[in-house]
Participant: 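I am attaching a structure below and will ask some questions about it afterwards.
What's counted below: heavy atoms across the whole structure, side chains too, no hydrogens, waters or symmetry copies.
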Amino acid sequence: MDNITYINGLFCDTYRVEPHLHKTYELVYYTQGNGHVRFDGVEESFSPGTVTLIAPGVRHTDFSATGFRNLHLNLLRPGIPVDRYLIAQDSDRRDIYSILLQMHNEYHLKRSNWRELVNCLYDVLLQYLLAFGKASPKSPYVEQLMHDMIDNLSNPFYQVGQAIAAFPFNPNYFRQIFQKEMGCTPSQYLIGKRMEYAKELIRAKGLSGYSFQQIALLCGYNDSYFFSRTFKKHTGLSPRSWYRQQVGGR
């Protein structure tokens, strides 16, 4: 059974949508403009990247003094509990928008398997909504540094301090912001992500054939001894011992 029943968008500047309701759920992604959306008398603001998921029977209207545009879809099952409405904000990389735009294109291109494509894409979109809905809003600079560190997991020459110095803040002040939002320092965050990646590579060592030295390099460490020491500090075991434990002592 199809879950998505309709996908379209407002592609010209719109200043007001009259109050209305739907028999299905409606997801709205604001692509341009700033304004407000009102749900049965409760008012919320929106900006580019704001996503609203509205339950059936909830009267709503959106309006903007400068105009707005959006993509919107109607669906039968939201996949998450929605009593009246849910609001989320897309990432700086516009992950939700990319998926929603692809859904829009597939819905209107009508390829032979378009229904399966659209419904599968919504399943992916739903996971992003769950992730962003649980996360508290982060500073865009914190988000940017997090993405930068993930992009450089395997780069042994990457320096967190140099990346922080590029931001328009005192480095110590920025580290305080990062630690307040993430619960750890930027360096601890990078090490944690590298150790998570190391565990994945070590688990797959039997299939990949990587040596521990190669795994160290893939995790951004030129010095395999320092990698081993860091891994042991993080897990309590050396990489070799941890691997033996994973494969049952072999």
Side-chain angles (χ1 to χ4, degrees), residues 29-30 34 44-53 80 86-99 124-204 212 215-239 241-243 245-246:
Y29 183 105
Y30 294 94
N34 295 276
E44 303 278 0
S45 61
F46 67 78
S47 59
T50 299
V51 188
T52 63
L53 183 56
I80 50 178
L86 175 149
I87 293 184
Q89 190 68 29
D90 201 357
S91 67
D92 291 341
R93 294 190 175 192
R94 304 213 299 174
D95 296 301
I96 292 176
Y97 175 73
S98 298
I99 299 167
V124 176
L125 186 149
L126 176 61
Q127 296 307 312
Y128 276 101
L129 286 176
L130 288 168
F132 296 156
K134 290 177 182 177
S136 59
K138 297 184 180 66
S139 158
Y141 294 104
V142 170
E143 291 274 10
Q144 185 176 337
L145 182 62
M146 289 167 60
H147 285 301
D148 193 48
M149 289 190 284
I150 296 300
D151 289 343
N152 284 277
L153 280 184
S154 299
N155 181 3
F157 304 107
Y158 178 75
Q159 298 291 328
V160 175
Q162 291 180 3
I164 292 174
F167 294 123
F169 298 103
N170 176 283
N172 289 332
Y173 175 66
F174 180 80
R175 287 185 177 91
Q176 290 174 9
I177 295 174
F178 190 99
Q179 186 159 6
K180 182 178 180 181
E181 294 192 4
M182 299 304 300
C184 62
T185 67
S187 294
Q188 289 169 340
Y189 180 86
L190 176 60
I191 291 170
K193 289 299 180 183
R194 282 177 166 170
M195 293 301 100
E196 288 176 13
Y197 186 39
K199 290 177 183 178
E200 292 178 13
L201 293 173
I202 292 172
R203 284 192 191 97
F212 288 108
I215 290 173
L217 285 170
L218 288 169
C219 294
Y221 293 89
N222 276 329
D223 185 337
S224 57
Y225 174 75
F226 182 65
F227 165 73
S228 179
R229 191 172 62 183
T230 303
F231 188 90
K232 186 172 183 178
K233 184 177 180 180
H234 191 79
T235 65
L237 296 171
S238 69
S241 297
W242 194 86
Y243 174 67
Q245 184 185 74
Q246 294 299 303

Participant: Any chance you could measure Ile87, atom CD1, to Phe46, atom CZ, to the nearest 0.5 Å?
Facilitator: 10.5 Å
Participant: Could you check whether any side-chain heavy atom of Pro239 comes within less than 4.5 Å of a side-chain heavy atom of Ile215, counting everything from C-beta outward?
Facilitator: no
Participant: What residues form a salt bridge (charged side-chain N to carboxylate O under 4.0 Å, His left out) with Lys193, not counting sequence neighbours?
Facilitator: Glu196
Participant: Do you see a donor-acceptor pair shorter than 3.5 Å between the side chains of Thr50 and Gln89?
Facilitator: yes
Participant: Passes side-chain contact (heavy atoms from CB on, under 4.5 Å), Tyr97 versus Val51? Steps please.
Facilitator: CA-CA 9 Å; Tyr97 175 73; Val51 188; over 6 Å; no
Participant: Distance from Asn152 atom CG to Leu190 atom CG, nearest 0.5 Å?
Facilitator: 8.5 Å
Participant: Name all residues meeting the side-chain contact (heavy atoms from CB on, under 4.5 Å) criterion together with Leu237; count only those two or more places apart in sequence or in a different chain, and write none if there are none.
Facilitator: Thr235, Ser241, Trp242, Gln245
Participant: Over 60° means perpendicular and under 30° means parallel, so tell me whether Tyr221 and Phe226 are parallel, tilted or perpendicular.
Facilitator: tilted
Participant: With side chains defined as the heavy atoms from C-beta onward, is the minimum distance between Arg175 and Thr185 less than 4.5 Å?
Facilitator: no
Participant: Would you check if Asn34 and Pro48 make a side-chain contact, meaning some heavy-atom pair closer than 4.5 Å?
Facilitator: yes
Participant: Are any non-hydrogen side-chain atoms of Asp95 and Asp90 less than 4.5 angstrom apart?
Facilitator: yes
Participant: Out of curiosity, Leu218 CG to Leu153 CG, how far, rounded to the nearest 0.5 Å?
Facilitator: 10.5 Å
Participant: Please lay out, stage by stage, how Val160 and Tyr189 fare under the test side-chain contact (heavy atoms from CB on, under 4.5 Å).
Facilitator: CA-CA 10 Å; Val160 175; Tyr189 180 86; over 6 Å; no
Participant: Could you check whether any side-chain heavy atom of Phe231 comes within less than 4.5 Å of a side-chain heavy atom of Ile202, counting everything from C-beta outward?
Facilitator: yes
Participant: Check Tyr173, Phe167, Phe174 against Tyr141 for a ring-ring contact (aromatic ring centres under 6.0 Å, His included) and give me the one that passes.
Facilitator: Phe167
Participant: Please determine whether side-chain contact (heavy atoms from CB on, under 4.5 Å) holds for the pair Ile96 and Tyr29, giving the CA-CA distance in whole Å, both sets of side-chain angles, and the decisive distance to 0.1 Å.
Facilitator: CA-CA 9 Å; Ile96 292 176; Tyr29 183 105; 3.8 Å; yes
Participant: State, with a plain yes or no, whether a side-chain heavy atom of Thr230 is found less than 4.5 Å away from one of Met195.
Facilitator: yes
Participant: For the residue pair Leu145 and Phe178, establish whether any side-chain heavy-atom pair is separated by less than 4.5 Å.
Facilitator: yes
Participant: Between the side chains of Asp151 and Tyr158, is a donor N or O closer than 3.5 angstrom to an acceptor N or O?
Facilitator: no
Participant: When rounded to the nearest 0.5 angstrom, what is the spacing between CD in Gln179 and CD1 in Ile177?
Facilitator: 12.0 Å
Participant: Taking atom CG of Leu86 and atom CD1 of Ile80, what is their separation to the nearest 0.5 Å?
Facilitator: 5.0 Å
Participant: List in chain and number order the residues that pass salt bridge (charged side-chain N to carboxylate O under 4.0 Å, His left out) with Glu44, two or more places apart in sequence or in another chain; answer none if no residue qualifies.
Facilitator: none
Participant: What distance do Phe212 atom CZ and Ser224 atom OG have between them, rounded to the nearest 0.5 Å?
Facilitator: 11.0 Å
Participant: Considering only heavy atoms from C-beta outward, does the side chain of Met182 approach that of Met146 to under 4.5 Å?
Facilitator: yes
Participant: Walk me through it: do Cys219 and Leu201 pass the test side-chain contact (heavy atoms from CB on, under 4.5 Å)?
Facilitator: CA-CA 9 Å; Cys219 294; Leu201 293 173; 3.9 Å; yes
